[in-house]
Amino acid sequence: SFNDADANTADSDDDVAADVASAITISAQPADVGAAADPFTGTFAVTAAADTGTVEYQWQRQTATSTRWVNITGTLDGSVYSGQTGATLTITGAAKADLDGYKYRVKLTSDAGAEEVVSDSASLAFA
């Protein structure tokens, strides 16, 4: 049978603050980049902070003809990316034919259990 706990007892997990994960705030979103040079070398950046813990980053990209976001790795799209798990994504030597019209965003979490936050997307457009 089920027994109720005594009326004036407290459990540590009843504290509301203990059940709330840390929060992440983005103070600067990634900005669109207009590439004048082909091949292109440049960056996308985000500025974010967690109220507790350390922010963890995972950059993603979407091709010009897709609606699907893909996690960026060091070998994706001919190994043109670096910094895919940091605040700044660097693209080095990307050809217009390969990346024109691609969009980039970053997923943010924290090692303290913050709910995932996703930045705005930014586009790479060649002139």
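Position 1 is the first residue of the sequence, and the numbers go up from there.
Judged by distance alone, the side chain of Asp100 and the main-chain N or O of Phe126 form a donor-acceptor pair under 3.5 Å.
Residues Trp59 and Pro30 have side chains in contact (heavy-atom distance under 4.5 Å, counting atoms from C-beta outward). For the pair Tyr104 and Ile72, the minimum side-chain heavy-atom distance is below 4.5 Å. Residues Tyr57 and Val46 form a side-chain contact, since some pair of their non-hydrogen atoms from C-beta on lies under 4.5 Å apart. A heavy-atom distance below 4.5 Å is found between the side chains of Phe44 and Leu124. Two residues are said to be in side-chain contact when any heavy atoms from C-beta on lie closer than 4.5 Å; Gln58 and Thr109 fail this criterion. Using a 4.5 Å heavy-atom cutoff, the side chains of Arg105 and Asp120 are not in contact. Residues Val117 and Ile26 form a side-chain contact, since some pair of their non-hydrogen atoms from C-beta on lies under 4.5 Å apart. Counting only heavy atoms from C-beta outward, the side chains of Leu99 and Ile91 approach each other to under 4.5 Å.
Ser110 contributes atom OG, which lies 11.0 Å from atom CD of Glu115 (distance to the nearest 0.5 angstrom). One distance of note links CD1 of Ile24 with OG1 of Thr54; it measures 10.5 Å at 0.5 Å rounding. Once rounded to the nearest 0.5 Å, the distance linking CD of Gln84 with OG1 of Thr73 reads 6.5 Å. Of the inter-residue distances, the one linking Ser121 atom OG with Gln60 atom CD reads 11.0 Å to the nearest 0.5 angstrom. Between Glu56 atom CD and Asp111 atom CG the span is 5.5 Å, to the nearest 0.5 Å.
The shortest heavy-atom contact between Gln62 and Arg68 is CG-O, 3.6 Å. When all heavy atoms of Lys103 and Ser123 are compared, the pair lying nearest together is CG-OG, 3.6 Å. For Ala50 against Val55, the heavy-atom pair with the smallest separation is N-CG2, 3.5 Å. The two residues Gly53 and Ala112 have their closest heavy-atom pair at CA-CB, 3.9 Å. For the pair Asp38 and Ala94, the tightest heavy-atom approach, listed with the atom from each and the gap, is OD1-O, 4.0 Å. Closest heavy-atom contact between Thr41 and Gly93: OG1-N, 3.1 Å.
Of the N and O atoms on the side chains of Thr43 and Thr90, not one donor lies less than 3.5 Å from an acceptor on the other residue.
Side-chain heavy atoms closer than 4.5 Å link hydrophobic residues (I, L, V, M, F, W, Y) into clusters, and following such links, possibly through other members, connects Leu76 to Tyr102. Residues Val70 and Val80 fall within the same hydrophobic cluster, defined by Ile, Leu, Val, Met, Phe, Trp and Tyr side chains chained together at heavy-atom separations under 4.5 Å.
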Tyr81 and Arg61: side-chain contact (heavy atoms from CB on, under 4.5 Å), yes or no, with the steps?
CA-CA 11 Å; Tyr81 303 110; Arg61 69 101 169 106; 4.1 Å; yes

For Phe40 and Thr92: C-alpha separation, side-chain torsions, deciding distance, then whether side-chain contact (heavy atoms from CB on, under 4.5 Å) applies.
CA-CA 6 Å; Phe40 166 76; Thr92 304; over 6 Å; no

